[in-house]
2 protein chains.
Amino acid sequence: MASIKDVAASAGVSVATVSRVLNEHPSVSADARTRVLAAVEALGYRPNAVARSLRTDQTHTLGLVISDVLNPYFTELARSVEEEARALGYSVIIGNADERPEIQDHHVRNLLDRRIDGLLISPTDGGSPLMLDAVRAGTPMVFVDRWIPGVDVPVVRADGRDAVRDLVAHLHALGHRRLAIIAGPAATTTGSERVEAFRAALAAHGLPLPDAYIGQGDFQAESGRRVTEGFLDLPEPPEVVFAADNLMALGALDAVRARGLRVPDDIALAAFDDIPWFVHTDPPVTAIAQPTGELGRAAVRALVDRIEGRTAASVALSARLVVRRSCGEPPAENPVTNRSTS
Amino acid sequence: MASIKDVAASAGVSVATVSRVLNEHPSVSADARTRVLAAVEALGYRPNAVARSLRTDQTHTLGLVISDVLNPYFTELARSVEEEARALGYSVIIGNADERPEIQDHHVRNLLDRRIDGLLISPTDGGSPLMLDAVRAGTPMVFVDRWIPGVDVPVVRADGRDAVRDLVAHLHALGHRRLAIIAGPAATTTGSERVEAFRAALAAHGLPLPDAYIGQGDFQAESGRRVTEGFLDLPEPPEVVFAADNLMALGALDAVRARGLRVPDDIALAAFDDIPWFVHTDPPVTAIAQPTGELGRAAVRALVDRIEGRTAASVALSARLVVRRSCGEPPAENPVTNRSTS
DNA sequence: GGCCGACGTGTAATCGTTTCCACGTCGTGC
DNA sequence: GCACGACGTGGAAACGATTACACGTCGGCC
């Protein structure tokens, strides 16, 4: 592979001049510039990003550590992150933690070793020493979706409280009184927050949230299945199951189906996170939709602000309820909320 | 951030010795080793991967350029690729081409500039000059899922021919005679191959595949919707629509639903690529399942073989038909093929 | 006509590693 | 007792870029 030296030799100038042409430094004569450009073209030269990074101490790369790539919500997040980053001249290295703290740490370490310019992360747990060290060391960082309390890092997330309230009102109006939730891990903010929002919304209607109706999941389909089976085995099973993410909702559907029961007649179902497939499931699933793309873009902008020396602020966008048929009594068709893709 | 010099100074040895300890070079005294290790620990030193890469000319990084991250098939592929790569000591940079050749080229260029050790790619088109150049320059490369004919690069893919034959036999047995396909872009191998396999399977049953029954899609949901609407507008609409990927099947469902028609009563549907959601759609969708995880792992192994100087061979694994209810007449329940997650 | 600033260019240091080579100090074998 | 090999170590040169600094040349202005 041709190096800057080859270009310099071929153009009859010094490497410094080549570098200046490449970096659009003003003080280069038109003559030198054309000769260099011609040599670059002829040799098919491309600057070595590794060498450049070593010298300039910037990689123009963002690290993104997400909890689970198989979760469509995070996939969409990753996509919008990459898009916005590309628009701003950065590339993205994605690490998939699979909801496992040790894999998360592996990725964080790896990204730090590669000297990424900044880190976007949706923490799987309460924060490992490694991550806290990175924050302390001044690594530009932004939390997205989930965050770690007490750590001074901007957070970009959706606030689902209002939507959860709308959901509970909807369920209450349909006559449901025994509502259960499949929660995410308590170590994640989204795990505990959604339970709290649910509990508060229930309280507003004078409904309790008994412990038996709080199932502990881990945001994966299998846990949704397991928890739902537990609910169904209860002497008095809930009338509604609210899954704190879309994969656990999938697991819940599996469990209900395995028993030969029907949604919503035998048990109603709702989910946090809306995905295109919810339109076509049997029945279509009522869900709380996050502005996922906007979250990803906002997170990148915040991180790049931080990297480039500006100050980055936290962002909270609101989620909204999308009513379908999985909780009973089909509402009037709404052509907008029923579009399956965006 | 502490550098190797700091460690050397702190341990009272030269940088060469530190480097030797870190790289497990044998000729280091036990005494020096412990002093270095202690210094590393004390300073929280981590080698700078950028500098190391510059010197050794290897990044221990693989590039993966996929056609569309939002497609669950590619997501799963990406996940298995990353997992296997991690197991072999490599990390992965994913580029999402969104089925657009110019974005694909952007990612390829970017990855090449970063001096990745090898490239895993599922080409969106017939091969840009850039990619052909990279092949000619000897960049270790492996095609996965799709490939470019006439280019000497190992291919790891699923052969769906038998499964398509099984599908057509299944459809024929159900009494369907007018079968249509939503094809992928002709520039992709999976785009044209699936049509050919379908045509051949139809011919074996003495069935034609008229041009009007070949809809041109682009592997995205929207095109599935558009093509399906076209089919439904035909004077004699098909009895079955076979979508060449899962997203176009989603679009087809959207279109059928928008007309108030029902699957499979009014029109049957089948898809290439199986995904967990197909179990829970209304109705569950008959699909051809690829061994996605195995494909990803095999692709990584082939690429790493090539990188580390061994020879890499092409791999073709077989796909299989998973019958559900979207083509009519429910088969007996099969607990294995109906599990929604793996 | 001389001085000074602007301009274009090249030399060389630098980023953090790895690794070749040379060197000193042993222990061993004759 | 001497030669020699093995071993542990350090110095210094790379890798491919960027950039501070110095230098020569030219034009304009007094």
Side-chain angles (χ1 to χ4, degrees), chain A residues 1-40 43-61 89 109-117 137, chain B residues 1-40 43-61 89 109-117 137:
Chain A
M1 194 129 234
S3 87
I4 197 171
K5 275 186 211 153
D6 303 313
V7 176
S10 160
V13 296
S14 72
V15 295
T17 299
V18 176
S19 175
R20 280 189 274 254
V21 170
L22 265 24
N23 293 289
E24 284 166 351
H25 189 289
S27 77
V28 175
S29 67
D31 175 51
R33 183 188 314 289
T34 52
R35 289 220 310 287
V36 167
L37 259 17
V40 165
L43 296 169
Y45 168 76
R46 299 239 81 216
N48 182 327
V50 174
R52 198 201 289 257
S53 293
L54 176 60
R55 181 57 234 246
T56 61
D57 203 33
Q58 17 174 347
T59 50
H60 275 277
T61 304
R109 200 183 326 268
N110 184 272
L111 292 166
L112 256 21
D113 286 354
R114 296 180 119 77
R115 301 302 195 264
I116 45 137
D117 292 343
Chain B
M1 194 128 236
S3 86
I4 197 172
K5 277 188 208 150
D6 303 313
V7 176
S10 160
V13 296
S14 72
V15 294
T17 299
V18 176
S19 175
R20 279 189 275 254
V21 171
L22 265 24
N23 293 289
E24 284 166 352
H25 189 287
S27 77
V28 175
S29 67
D31 175 53
R33 182 187 317 287
T34 51
R35 289 220 310 287
V36 167
L37 259 18
V40 164
L43 295 169
Y45 168 77
R46 300 239 79 215
N48 181 327
V50 174
R52 198 200 288 257
S53 294
L54 176 60
R55 180 58 234 242
T56 61
D57 202 32
Q58 18 174 345
T59 50
H60 274 276
T61 304
R109 201 183 323 270
N110 184 272
L111 293 166
L112 258 20
D113 286 354
R114 300 179 116 78
R115 300 304 194 265
I116 45 138
D117 292 342

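Numbers restart at 1 for each chain; the letters A, B, ... are given by sequence-line order, proteins then strands. Only a predicted model underlies this, so the values are computations on that prediction, with no experimental measurement involved.
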### Message
Within this structure, what is the CG-CE distance for the pair B:Asp113 and A:Met1, rounded to the nearest 0.5 Å?
### Response
7.5 Å

### Query
Are B:Val7 and B:Ser10 close enough that some pair of their side-chain heavy atoms sits under 4.5 Å apart?
no

### Task
Please list, chain by chain and in numerical order, all residues satisfying side-chain contact (heavy atoms from CB on, under 4.5 Å) with B:Asp57, sequence neighbours excluded.
none

### Message
Please give me every residue in residues 25-35 of chain A whose heavy atoms get under 4.0 Å of an atom in DNA chain C, ordered by residue number.
### Response
A:Ser27, A:Val28, A:Ser29, A:Ala32

### Task
Anything under 4.0 Å to a heavy atom of chain A counts; send over the first and last such nucleotide of DNA chain C, read 5' to 3'.
C:dG8 to C:dG16

### Query
For the side chain of B:Ser19 and the backbone of B:Val15, is there at least one donor-acceptor N/O pair under 3.5 Å apart?
no

### Query
Does the distance from a Lys or Arg side-chain N to an Asp or Glu carboxylate O, for A:Asp31 and A:Arg35, drop under 4.0 Å?
yes

### Under 4.0 angstrom between A:Asn23 side-chain N/O and D:dT18 OP1 or OP2
yes

### Nearest heavy-atom neighbours spanning B:Tyr45 and B:Leu22
CE2-CD2, 3.5 Å

### Task
Side-chain contact test, heavy atoms from C-beta onward, threshold under 4.5 Å: evaluate it for A:Val36 versus A:Val28 and give yes or no.
no

### Query
In whole angstroms, how far is the P atom of D:dG16 from the OH atom of A:Tyr45?
10 Å

#### Entry: Overall bend - the helix from C:dG1-D:dC30 to C:dC30-D:dG1, comparing terminal axes fitted on five pairs, nearest 10 degrees
60°

### Query
Which heavy atom in A:Asn48 sits nearest to a heavy atom in A:Val50, and how many Å separate them?
OD1-N, 2.7 Å

### Message
Just to be sure I understand the rule, does B:Asp57 reach a base, reach only the sugar-phosphate, or reach nothing, if contact means heavy atoms closer than 4.0 Å?
### Response
nothing

### Query
Starting at NZ of B:Lys5 and ending at C1' of D:dA12, how long is that distance when rounded to a whole Å?
12 Å

### Query
Between residues 11-22 of chain A and DNA chain C, which residues have a heavy-atom gap below 4.0 Å?
A:Val13, A:Ser14, A:Ala16, A:Thr17, A:Arg20

### Query
In Å, rounded to the nearest 0.5 Å, how long is the span from CG of A:Asn110 to CD1 of A:Ile116?
9.5 Å

### Summary
Separation of D:dG16 atom P from A:Leu43 atom CG, nearest Å, is 14 Å

### Message
If you define the side chain from C-beta out and look only at heavy atoms, does anything of B:Arg52 sit under 4.5 Å from B:Asn23?
### Response
yes

### Task
Just jot down the side-chain contact (heavy atoms from CB on, under 4.5 Å) partners of A:Asp117, sequence neighbours excluded, or say none.
A:Gln58, A:Thr59, A:His60, A:Tyr90, A:Ile307

### Query
Counting only N and O atoms by type, is there a donor-acceptor contact under 3.5 Å from the side chain of B:Arg33 to the main-chain atoms of B:Val21?
no

### Message
With a 4.0 Å limit, can you tell me whether A:Arg55 has a side-chain N or O closer than that to the phosphate oxygens OP1/OP2 of D:dG16?
### Response
no

### Message
Looking at every heavy atom in both B:Arg46 and A:Arg115, which two are closest together, and how far apart are they?
### Response
O-NH2, 3.8 Å

